[in-house]
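For reference, the structure is listed below as C-alpha cells.
Scope of the values below: all heavy atoms of this structure, side chains included, with no hydrogens, waters or symmetry mates. In the text below, chain A, chain B and the rest are named by the order of the sequence lines, each starting its count at 1. What you are looking at is a predicted structure, and each value in this text was computed from that prediction instead of being measured.
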2 protein chains.
Amino acid sequence: MVNDQRESGRRQVFSAIRKAGRVARVDLARETGISPATVTAITAELLREGLIEETGTPDRSDLRRGRPRVDLKVRGAAHVVAGMKLSHLAIATALIDFEGTMIAEHTCALDKSRHSAAELTALVERALDETLSKAGLSRDQLSGVGLGMSGVVDAMGGLVHWSPSVAERNVPLRDMLGARIDLPIFIDNDANLVAMAEQYFGHGRGVSDFIVVTIESGVGMGIVINNEVYRGARGCGAEFGHTKVQLDGALCRCGQRGCLEAYVADYALLREAATTTDFADITTSSAKLQALVEAARGGDTTAQMIFDRAGRMFAMGLANVVNIFDPQLIILSGERMQFDYLYADQVLDSIRRSIIQIDLPPPQIVIHKWGDLMWAKGAAAFAIDGVADIALQNFSGNAA
Amino acid sequence: MVNDQRESGRRQVFSAIRKAGRVARVDLARETGISPATVTAITAELLREGLIEETGTPDRSDLRRGRPRVDLKVRGAAHVVAGMKLSHLAIATALIDFEGTMIAEHTCALDKSRHSAAELTALVERALDETLSKAGLSRDQLSGVGLGMSGVVDAMGGLVHWSPSVAERNVPLRDMLGARIDLPIFIDNDANLVAMAEQYFGHGRGVSDFIVVTIESGVGMGIVINNEVYRGARGCGAEFGHTKVQLDGALCRCGQRGCLEAYVADYALLREAATTTDFADITTSSAKLQALVEAARGGDTTAQMIFDRAGRMFAMGLANVVNIFDPQLIILSGERMQFDYLYADQVLDSIRRSIIQIDLPPPQIVIHKWGDLMWAKGAAAFAIDGVADIALQNFSGNAA
DNA sequence: ATATTTTGATTTGCGTATTGAAATATTAAA
DNA sequence: TTTAATATTTCAATACGCAAATCAAAATAT
C-alpha cells in the first residue's frame, strides 16, 4: 500500500467539504493547507468515485470578477445509512443519506424494555426491514447501520458491556447483528451518538472540543476532543450521570451513593416527591413528573425545592466537567421539555459561577432542543462516519 | 516545503525510539508500520544529525541466529536543557540531558513568594546562571529552558493568566524571559509538567491515556490523552483542585465554595484542626501539619476524623475524574510524605468503589514518590519535548 | 466590441519520499 | 564448511505533492 499518504489528503479534503457544506477548491486549498494542484487531483478522484459532486456556481451576492468558483458538496446519493436507537419501549429508526438528509423514519414499539441479545437482533432486523419497505428501499441499497443504546458500550470492540435494554452482559452485539444483516454495523452509547449528531449536523459543526449533555431518563455525556469522540481507555468514558455530587448521598440505580443521576433523573425527583405527595391516581411516571412540574409552577414550595436542588446539583456536576475539560462549547441537548428546570437561567448562571475564573470568556453554553429522532440521527451520523471511513480507504484512485 | 511527509516519519521514528529506550531498526519498522528501508534512511539521518546513536548489540539473553540487531537510543549529549520550577519560596532548577539524565541541580531561595514579572525574570535568569556555573556549562551549551509554576498558564501562548508566584495577571512571561535569555523558553502549569515527566521518565512511558494527580499545597492534575498533554480550549483545563465536592461547602482560597482543595489542602486541614487544637507553639504550617499527622497516628480521634474526611473527599473527586475519562492509569505523584493520608489503601479502595462497575479491570492506580526535583524534571521534560520538536523540524536532511 | 484584469481550476515537470525486491552482513545451527 | 535465519542496506521503480505555467471564465476598462 503506497496509497497511504494520499489517504490522509483525501480524508482532510473530504472532511473539509463535509464541514463546510459547500466549498470551492480554492478555499479547500486554503483551509487544508494542501496546494491547489493537489486539491484538484484529490477532488477529481472523489468526484470519480461519486463521494462528492459539483453544484452550480454559488450564490453571487458578492460579485467578484474572475473565473467563478465551483462549489463542491458531499453527494447525498452516494450512500444511505440507517440510524437506530434502542430506547425504553421502542426502536426508532431513521434512514439518512450521505449528506444527512432524512429519507425515512419509523418507530417500532417493543413489548418490554429488556430483551435477550438474540431477541434484540431479530427485533432490530425487523425494525430495519420495516423502515426500508416504508421507504421503498432494499437492504442492498444501504451502506451501513448505526445503533445506539444507553449503557456501557465498547464501540471499538462492538461489545455491549451492560445496557438496560439487553438482558445479558458483555454481548458481542455488533457481530451478532452483522451475522444477520450483511452490512457494516456500528454500535455505541447513545450519548456519544448525540455528540456525533451535534458534530455533523448540529451546533458542534466546526468546533474541535465540546461536550454534549443529554437527558433522557438518565444523564449522559459525550465528549469531543480534537474533532473526535473521546471514548476512554476501556470504552466507558463520560459516565457523567454517575459522577458523585454528594458524599454518601442519595442511592442511585447503579447501587452507589451520591451519583448525579440520583438527584436529577425523573425517578429521583419522584422518589423525593413521594415523601409528601401521593400520586396514587396517576399511573405513568411521565405523567407523575408532569404533575410535579405543574405543582412547582403553581407555587408548591416542596415541589420547587425538589427542582431547585436538582438544578443546583446538575450545575455542580457540569461545572466539574468544565473545570476538568475546559471545552469551547457545552451543548445541552434535550428532547423532552420536562427537563427544562435543568436548563433554567439560574442553573446556567450557577455553572458559570462555579467555573474557575480567568480573564478569558467562559465556554459557551447552548441549549439544543431536538425532535424525538435526535438519537436515531446520531446513530446515523456514526454510521455515516464509519461508511465514509471505509469509502475513503478502499477506493485506491487508479480505478483504470 | 516538500519536506513535510518526511518530517512526520522522522517524528514517528524518533518518538518510538524515545519511548522504547533502546530498539533495533526491525522493531521500529514493525512498531511504526514504516518499511525497513525507510527506517534505515530516517535513522541514518537522525544519526548524522546526532540526535540518536547506536549502542552495542543488545543483551543476547534470547539467543537468536541471524545478523544481530543493532539497538538505537536517543543521544543524551545531543542537547542539554534546564527545567525550572517556581514554588513558594524557592526556584528549583535541574539540568537534564536529552536522554533525561540529571546533570546538575540547584535550588535558589526567594525572599517572598510573590514577585512582579520583572523581578521574576531577573530571579529566573540568576537561578539559571547559578545552576549553569555549578555544572561548568555556559548558556550557549543549553538548548532550551522549561519553567513551571502553579496557577493558570497558557502554554501555547506563553501567558501566565494567574499564578500565586506572579504579582500581575496575564503576563507574557515566555516572551519576557526570552528577551533576556536567548533560548527557546517553554512555560506551563506545574501539574502538566509532572504529567510530562511521568510520560517521559516515569510510569506514563508508553501509556497513551493517563492522569497524574499532584499534591503540593494545592491539588493539581495533568491529563494525557492520545499521548499528548490535554490543555483545554482556553489552556486552563484540569483544574482538579477546584472541582466541587460539596454543594455550598467549605470556602476555598479561590473564593468559591466546596472545592476539593478546600477539603484536602494543608490549609484546609489546619483550619479544621484549629477549632479544637491550638498549635500556638508551632510556627510553620508545615510543622503544624506534621503535628496533626502525629496526633492522628497517636489515636487522636478528632485528628483522625479530619484526615478521614479529607481522604473520602479526595476519593470522590478522583472517582469523578475516572468516571469521565476512563483512563488506563492514574498516577498519584507526590513529593511530601505528609500527604500519605490521601494515598492510603482505604482511599484507593474508596476510589475503586466509586467507579462505574463493568466487567473489565479498573484503571490501574500507582503511587509515585518523587524526590523534590520532580517539578523541575517535569519542566525539563517539557523543554526536551520542545527542543526535539525544533530539532526534527529544522534539519532538513540534505545537509550537504 | 475588444482588450485587459482578475480570479479559479488544471496541467506539467520536477524533486523527493517511500517501498518492494534484491543484495549484503552476521550470526547460529547443521 | 555449509546452510539457515535474521537484520540491515542498496537500488530501481513508483507515486505523491508542489511550484510554476497554462487554461478558463467572468468583470471591467477602453
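Using a 4.0 Å cut-off, some side-chain N or O of A:Thr38 falls inside it from OP1 or OP2 of D:dC18. The phosphate of D:dC16 (OP1 or OP2) has a side-chain N or O of A:Arg6 nearer than 4.0 angstrom. Contact between the side-chain N/O atoms of B:Arg65 and the OP1/OP2 oxygens of D:dA4 is not found at any separation under 4.0 Å.
Taking a cutoff of 4.0 Å between a charged side-chain nitrogen and a carboxylate oxygen, B:Asp154 and B:Arg231 do not qualify as a salt bridge. A salt bridge does not link A:Glu99 to A:Arg18: none of the charged nitrogens lies less than 4.0 Å from a carboxylate oxygen.
Distance, B:Glu54 CD to D:dT8 P: 9 Å, rounded to whole Å. For A:Gln12 and D:dC16, the CD to C1' distance is 14 Å, given to the nearest whole Å. Atom C1' of nucleotide D:dA7 and atom CG of B:Asp71 are separated by 12 Å, given to the nearest angstrom. With rounding to whole Å, A:Arg48 atom CZ is found 13 Å from C:dT10 atom P. Atom C1' of nucleotide D:dT9 and atom CG of B:Leu47 are separated by 13 Å, given to the nearest angstrom. Nucleotide C:dG20 holds its C1' atom 16 Å from the CD1 atom of B:Ile34, rounded to whole Å. B:Leu72 places its CG atom 8 Å from the P atom of D:dT8, with the value rounded to the nearest Å. Rounded to whole Å, the distance from CZ on A:Arg11 to P on D:dG17 is 14 Å.
Looking at residues two or more places apart in sequence or on another chain, you find a side-chain hydrogen bond (donor to acceptor under 3.5 Å, both in side chains) between A:His368 and A:Glu198, A:His203, A:Trp370.
Side-chain atoms of B:Ile42 lie closest to C:dT18 of the nucleotides C:dT18, C:dT10, D:dT8. Of the listed nucleotides (D:dT10, C:dT7, D:dT6), C:dT7 has the atom at the smallest distance from the side chain of A:Arg67.
Applying the salt bridge (charged side-chain N to carboxylate O under 4.0 Å, His left out) test to every pair with at least one member in residues 25-44 of chain B, sequence neighbours left out, gives these pairs: B:Arg25-B:Glu54, B:Asp27-B:Arg30, B:Asp27-B:Arg69.
The aromatic rings of B:Phe325 and A:Phe325 sit parallel, their planes meeting at an angle under 30°, below the 60° perpendicular limit.
Using a distance-only test at 3.5 Å, with no hydrogens or angles considered, a donor-acceptor pair links the side chain of A:Arg11 to the main chain of A:Asp389.
For residues 15-26 of chain B, proximity to DNA chain D is found at B:Ala24, B:Arg25, B:Val26, defined as any non-hydrogen atom under 4.0 angstrom from a strand atom.
Other residues, nucleotides and ligands contribute only 12 or fewer heavy atoms inside 6.0 Å of the CD atom of B:Glu228.
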